[in-house]
Amino acid sequence: MERIRPPTIVSQRKRQKGMYSPKLSCGYEIKFIKLVIFIMQRKMGMTRRTFLMELARSKGFRVESELSDSVTHIVAENNSYPEVLDWLKGQAVGDSSRFEILDISWLTACMEMGRPVDLEMKYRLVEQAEQYPTLKTPESEVSSFTASKVSQYSCQRKTTLNNYNKKFTDAFEIMAENYEFKENEIFCLEFLRAASVLKSLPFPVTSMKDIQGLPCMGDRVRDIIEEIIEEGESSRAKDVLNDERYKSFKQFTSVFGVGVKTSEKWFRMGLRTVEEVKANKTLKLSKMQRAGFLYYEDLVSCVSKEEADAVSLIVKNTVCTFLPDALVTITGGFRRGKKIGHDIDFLITNPGQREDDELLHKVVNLWKKGLLLYCDIIESTFVKEQIPSRHVDAMDHFQKCFAILKLYQARVDNSSYNMSKKCDMAEVKDWKAIRVDLVITPFEQYAYALLGWTGSRQFGRDLRRYATHERKMMLDNHALYDKRKRVFLKAGSEEEIFAHLGLDYVEPWERNA
Ligand code: DCT
Ligand code: MG
């Protein structure tokens, strides 16, 4: 049975002075006067709480910002019943039995229905699991899990490579890429965030109920999920895959050195395929793009873990000839446990010493004697005490090198992917062109660089968004700046950075958001 407290009695004085309007809450009309909601910020974060408060108010619910006497319903996310009680004690609340203590899934169900839904057992936070046996069926376990545990920030989730929802996330990534090609960042991020949420689920979504209460599930996203559940595929993603512009952009951007802007230019010129671009002798290509076309077949075929390990040995050996104590670490997808990648990312630092500005030049000079197919060295633009950039996707300021290395294959056989065109055994190509990024970091910035370069890109974006919105801090690949205290927070390890941010540590292989 639903237990609802009587509405608070408002004093005559307040009524006369017009200080209280029973019908309005923050500009919205109150439709459901019998319940007064308070949403706990603990573990939820300020942004999400503000969003939910606003949403509930817009739907006619009375939501209090403070835990006032009139509150009847407390909504919590990611908190157990004892944790809520503890928190209430901290607020000097003596008798907590006067509140309905509810999981966020109750509020999201209300939002969906547009009215208060019954306080079923599954929505209540209670002492022990035995008290609500309904939760034991797998399905309701799933819905209570999704509703109460999933943060909108991927840095508060664990995302391994074990993706139970690939059929959905593949469709979202196609949609996101198409919006990226259209330079529609908002829609692009909407789909990337949704994909990232579904990647973190420990079960496959099989019905719309499974996504109830999950963050980042807007209407566009839900439509696609619904269609895939019902039809097995998304007609919108299929339309994108068949779209002429998308197909051309997909090809063009697969060339090293070609981005959305260049693709747009070529598409407007009437070019549609990589072959047509290659055949067009009037185009002015950058040095990077020329290398991109020259080694196109090798570069579009993915880099394997074995190849990454082989290149890693080469990089370590070369760096150590110049700096024996240098630390060389594989970052990017391979550090997150991926078995294939489009490139290999390395971070290089010299513990205890000042960095050597010449190191990168010495390394590539050595490689020029037969190993290096292309390189572009970017000098450091870092300025001391530089406040981290506000722009989430801004390039960092480290000295770095975008290179293409010639990796000789130990094994040459007929099944090898690198046969020369003539199929003449004398001309069998016994090497593969591999994209390698080398990044040099001062030792005191190493932990930040490692965190940034390990990715995933979405994980990094969410870390920075979390720092900004939930902690009033600014994070980039160089530093973490506390805006309130106006200090830079030093960190010697990734664990310390998570601790500065008040986040549980997430292992590299759990950052595949
Ligand atoms: N990164 C960054 N600044 C850049 C480029 C990348 O902080 N200018 C981060 C984001 C992810 C990580 O470094 C590695 O980048 P990629 O190689 O593009 O991604 P990946 O996860 O390694 O994926 P792939 O397997 O395709 O290489
Ligand atoms: Mg990479």
Side-chain angles (χ1 to χ4, degrees), residues 154-155 159-161 163 169-170 173 176-177 180 189 192 195-196 199 250 253-260 288 292 298-309 311-312 315 328-349 376-382 386 388-405 407 433-441 445-465 467 474-480 494 497 506-513:
S154 61
C155 52
T159 317
T160 64
L161 289 165
N163 178 3
T169 60
D170 281 353
E173 282 170 359
E177 194 175 34
E180 187 190 343
L189 280 178
L192 289 180
S196 169
K199 281 181 189 177
K250 183 85 184 155
T253 54
S254 72
V255 180
F256 175 51
V258 179
V260 173
M288 204 181 234
D298 277 4
L299 298 184
V300 287
S301 84
C302 290
V303 182
S304 68
K305 176 78 172 66
E306 291 69 32
E307 287 163 340
D309 289 338
V311 171
S312 180
V315 176
V328 178
T329 314
I330 278 206
T331 61
F334 288 111
R335 184 161 183 255
R336 301 196 308 274
K338 276 176 68 177
K339 295 278 178 269
I340 51 167
H342 92 282
D343 67 357
I344 318 171
D345 308 287
F346 291 96
L347 210 56
I348 303 168
T349 190
D376 180 17
I377 292 186
I378 318 262
E379 294 303 334
S380 165
T381 50
F382 186 73
Q386 190 163 325
S389 161
R390 262 171 214 288
H391 186 53
V392 160
D393 281 319
M395 185 79 139
D396 62 39
H397 301 277
F398 295 120
Q399 185 194 35
K400 56 176 82 69
C401 172
F402 303 119
I404 301 177
L405 281 196
L407 179 68
I434 307 253
R435 271 274 301 112
V436 173
D437 286 345
L438 303 176
V439 181
I440 309 278
T441 154
Q445 296 175 19
Y446 175 73
Y448 287 104
L450 183 63
L451 183 59
W453 275 88
T454 297
S456 67
R457 236 166 240 278
Q458 191 55 32
F459 191 87
R461 280 187 195 115
D462 282 349
L463 267 175
R464 291 190 287 275
R465 211 159 55 87
M474 294 170 87
L475 173 72
D476 68 4
N477 288 1
H478 301 268
L480 179 62
E494 289 176 311
I497 305 174
V506 180
E507 297 283 359
W509 57 90
E510 295 166 336
R511 299 181 204 160
N512 286 290

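When a ligand or atom number is given, it counts from 1 through the structure's own listing order.
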Going by the 4.0 angstrom heavy-atom rule, the piece of Asp345 near ligand 1 is side chain

Going by the 4.0 angstrom heavy-atom rule, the piece of Asn477 near ligand 1 is side chain

What I'd like to find out is whether the side chain of [X] reaches to under 4.5 Å of the side chain of [Y], using heavy atoms alone.
X	Y	result
Thr159	Phe459	no
Arg461	Leu192	yes
Phe398	His478	yes
Val439	Asp345	no
Asn512	Ser456	no
Met395	Thr381	no

Filtering Gly341, Ser456, Gly332, Gly452 for the heavy atom nearest atom 9 (C) of ligand 1 leaves Gly452

Nearest heavy atom to atom 13 (O) of ligand 1, choosing from Phe459, Phe398, Trp453, belongs to Trp453

*Would the number of heavy atoms belonging to other residues, nucleotides or ligands and lying under 6.0 Å from CD1 of Ile378 be above 12?*
yes

- Query: Does the protein put a heavy atom under 4.0 Å from atom 19 (O) of ligand 1?
  - Reply: no

All heavy atoms of Gln458 vs all of Ala513, minimum pair found to be CB-O, 3.6 Å

Checking a contact table here: which protein heavy atom is nearest [atom], and how many Å away?
atom	answer
atom 22 (O) of ligand 1	Gly333 N, 2.8 Å
atom 11 (C) of ligand 1	Gly455 CA, 3.9 Å
atom 21 (O) of ligand 1	Arg336 NH1, 2.9 Å
atom 15 (O) of ligand 1	Arg457 NH2, 4.0 Å

message: Strictly below 4.0 Å, N to O, side chains only: are Arg335 and Glu494 in salt-bridge contact?
response: yes

Check ligand 1 against [X] and write out every atom of the ligand that is under 4.0 Å from a heavy-atom position of the residue.
X	answer
Met395	8 (N)
Lys338	23 (O), 24 (P), 25 (O)
His342	17 (O), 18 (O), 24 (P), 25 (O), 26 (O), 27 (O)

Query raised in the report: Are any of the N or O atoms of Asp396 closer than 3.5 Å to those of ligand 1?
Result: no

Only residue of His397, Arg464, Gln445 satisfying side chain to side chain contact (heavy atoms under 4.5 Å, CB included) with Asn477 is Arg464

Only residue of Asp437, Thr441, Asp396 satisfying side chain to side chain donor-acceptor pair (under 3.5 Å) with Trp453 is Asp396

Protein N/O/S atoms closer than 2.8 Å to the Mg ion (ligand 2) number 2

One should read off an interatomic distance between Cys155 SG and Leu475 CG, to the nearest 0.5 angstrom, of 9.5 Å

